[in-house]
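Worksheet: one structure, shown below.
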Amino acid sequence: MNTPNWELRGCCNRNQNAFLITIGIFTVVILLLWRTFLLTPFKLITVFLHEASHAVACKLTCGDVEGMEVNANEGGSTTTRGGIYWLILPAGYLGSSFWGMALILASTNLLTARIAAAGLGLALFIVLFIAKNWTLRGLCIGFIVFLAIIWVLQELTTVKILRYVILFIGVMNSLFSVYDIYDDLISRRVHSSDAEKFAEICPCCTGCGWGVIWGMISFMFLCASLYLGLVILS
């Protein structure tokens with residue numbers, strides 16, 4: 001087993017260059033299409049992962065998830081009972097950033113990309129049973145079908161794009177998570193936001209202050225995904 005090249009000596013080889021260039025291209029495309037309907041399904045997947053992270057934190061702290069919604073206006077909510085509230089609240093924004101990093105790293109290898117696609121498909125299938133609105137149900141069904149088509153193309157044809165799809169979803173998720181934190185918690189300060197609620201139970205910072213802290217952590221996840229991806233590919 002090779003020792004990880006943490007110092008990135010000899011960077012960058014062909015695979016590392018392709019990784020960085022592809023992320024750069026995806027970032028430009030996402031920014032150019034940001035306010036178009038073409039990115040709406042991928043934005044809603046980010047909202048889904050945000051709400052799913054609340055649900056995971058609730059279950060891990062012995063709570064119950066009573067329902068989940070994702071709305072067409074790129075909002076969402078998760079209804080929970082019990083659990084550790086001060087862990088459930090930040091799990092949405094930070095969990096979404098973490099999943100973005102995980103998807104970016106999964107795209108560096110075909111096996112891990114397959115695992116990521118299967119895991120995302122399974123999560124969407126499970127959420128079908130607790131979805132409280134048809135936007136979320138439609139999102140789950142639509143993306144399960146989308147991932148199944150990409151999987152079939154990968155396995156049975158010469159169109160090998162599974163890794164690129166997982167990477168695109170990861171980059172989109174990471175960028176939208178950082179933007180969402182800025183938009184909801186810093187620039188507009190939505191008073192019903194997770195950060196404002198968190199400030200009520202942990203008043204050492206205002207909601208805006210927690211938004212800045214969470215935004216910095218999310219940006220660190222994004223930077224870590226680039227660094228670790230280069231390490232994996234070295």
Side-chain angles (χ1 to χ4, degrees), residues 1-2 4 12-34 36-53 55-56 68 70 72 95-131 134-177 222 225-226 228-234:
M1 182 176 180
N2 295 329
C12 294
N13 60 34
R14 180 180 177 181
N15 289 333
Q16 290 170 320
N17 283 327
F19 177 69
L20 292 175
I21 291 170
T22 305
I23 289 177
I25 292 172
F26 284 167
T27 300
V28 171
V29 170
I30 288 167
L31 293 177
L32 289 175
L33 300 178
W34 188 260
T36 70
F37 71 94
L38 296 174
L39 288 185
T40 298
F42 296 97
K43 289 181 178 180
L44 294 181
I45 277 293
T46 301
V47 177
F48 162 78
L49 290 171
H50 175 113
E51 300 304 333
S53 297
V56 170
M68 185 187 300
V70 170
S96 181
S97 300
F98 171 80
W99 293 122
M101 179 183 71
L103 290 170
I104 290 173
L105 296 180
S107 73
T108 59
N109 179 277
L110 181 55
L111 174 60
T112 51
R114 286 178 176 137
I115 293 171
L120 180 57
L122 179 61
L124 290 163
F125 179 75
I126 292 172
V127 168
L128 266 175
F129 297 96
I130 60 171
W134 278 104
T135 300
L136 179 54
R137 294 187 188 103
L139 179 70
C140 291
I141 295 170
F143 252 87
I144 288 172
V145 172
F146 172 71
L147 290 172
I149 292 172
I150 298 300
W151 190 292
V152 170
L153 291 175
Q154 175 70 38
E155 300 300 327
L156 301 181
T157 74
T158 58
V159 182
K160 309 295 185 182
I161 59 172
L162 179 62
R163 288 176 59 191
Y164 295 102
V165 170
I166 294 300
L167 178 58
F168 183 85
I169 296 173
V171 172
M172 178 69 206
N173 201 80
S174 296
L175 292 177
F176 190 65
S177 296
L222 178 56
S225 67
L226 296 176
L228 293 174
L230 291 175
V231 171
I232 293 169
L233 293 169
S234 63

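Owing to the predicted nature of the structure, the values given are computational and were not obtained by experimental measurement.
- Taken to the nearest 0.5 Å, the CG atom of Leu230 stands 11.0 Å off from the CG atom of Asn15.
- Qualifying side chain to side chain donor-acceptor pair (under 3.5 Å) partners for Ser174, counting only residues two or more places apart in sequence or in other chains: none.
- Under the 4.5 Å side-chain criterion, counting only non-hydrogen atoms from C-beta, Leu167 is not in contact with Leu103.
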Checking Leu139 against Val127 for the side-chain contact (heavy atoms from CB on, under 4.5 Å) test, could you report, in this order, the C-alpha distance in whole Å, the side-chain angles of both residues, the deciding distance, and whether it holds?
CA-CA 10 Å; Leu139 179 70; Val127 168; over 6 Å; no

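- Counted within 6.0 Å of CH2 on Trp34, heavy atoms from surrounding residues, nucleotides or ligands total more than 12; the atom is thus considered enclosed.
- Rounded to the nearest 0.5 Å, atoms CG (Leu136) and CD1 (Ile130) are 8.0 Å apart.
- With values rounded to the nearest 0.5 angstrom, Glu51 atom CD is found 11.5 Å from Leu44 atom CG.
- We find the CD1-CG distance between Ile232 and Asn109 to be 8.5 Å, quoted to the nearest 0.5 Å.
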Under the side-chain contact (heavy atoms from CB on, under 4.5 Å) rule, what do Phe176 and Leu49 come out as? Steps first, then yes or no, please.
CA-CA 11 Å; Phe176 190 65; Leu49 290 171; over 6 Å; no

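- What you find for Gly229 and Leu105 is that their closest heavy atoms are N-CD2, 3.4 Å.
- Put simply, the side chain of Leu120 reaches to within 4.5 Å of the side chain of Leu147, judged on heavy atoms.
- Side-chain N or O atoms of Thr46 include one that pairs as donor or acceptor with a backbone N or O of Phe42 at under 3.5 Å.
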One pair to check against side-chain contact (heavy atoms from CB on, under 4.5 Å): Ser97 and Leu222. What are the steps and the verdict?
CA-CA 7 Å; Ser97 300; Leu222 178 56; over 6 Å; no

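- Taking both residues in full, the closest heavy atoms of Ser107 and Ala113 are given as CA-CB, 4.5 Å, listed atom of the first, atom of the second, then distance.
- Here the CD1 atom belonging to Ile169 is positioned 15.0 Å from the OH atom belonging to Tyr164, to the nearest 0.5 angstrom.
- Residues Phe168 and Thr22 form no side-chain contact, since every pair of their non-hydrogen atoms from C-beta on lies 4.5 Å or further apart.
- Side-chain contact between Arg163 and Ile166 is absent, with no heavy atoms from C-beta onward closer than 4.5 Å.
- Within the 4.5 Å cutoff, no side-chain heavy atoms of Leu228 are placed close to those of Ile104.
- Side-chain N or O atoms of Arg137 include none that pairs as donor or acceptor with a backbone N or O of Leu128 at under 3.5 Å.
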Hey, mind stepping through Arg114 and Trp151 against side-chain contact (heavy atoms from CB on, under 4.5 Å) and telling me if it holds?
CA-CA 8 Å; Arg114 286 178 176 137; Trp151 190 292; 3.6 Å; yes

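- Between the side chain of Gln154 and the main chain of Leu162, a donor-acceptor pair closer than 3.5 Å is present.
- The line from CZ of Phe125 to CD1 of Ile144 is 7.0 Å long, rounded to the nearest 0.5 Å.
- Val165 is listed as a side-chain neighbour of Phe146, based on a closest heavy-atom distance under 4.5 Å.
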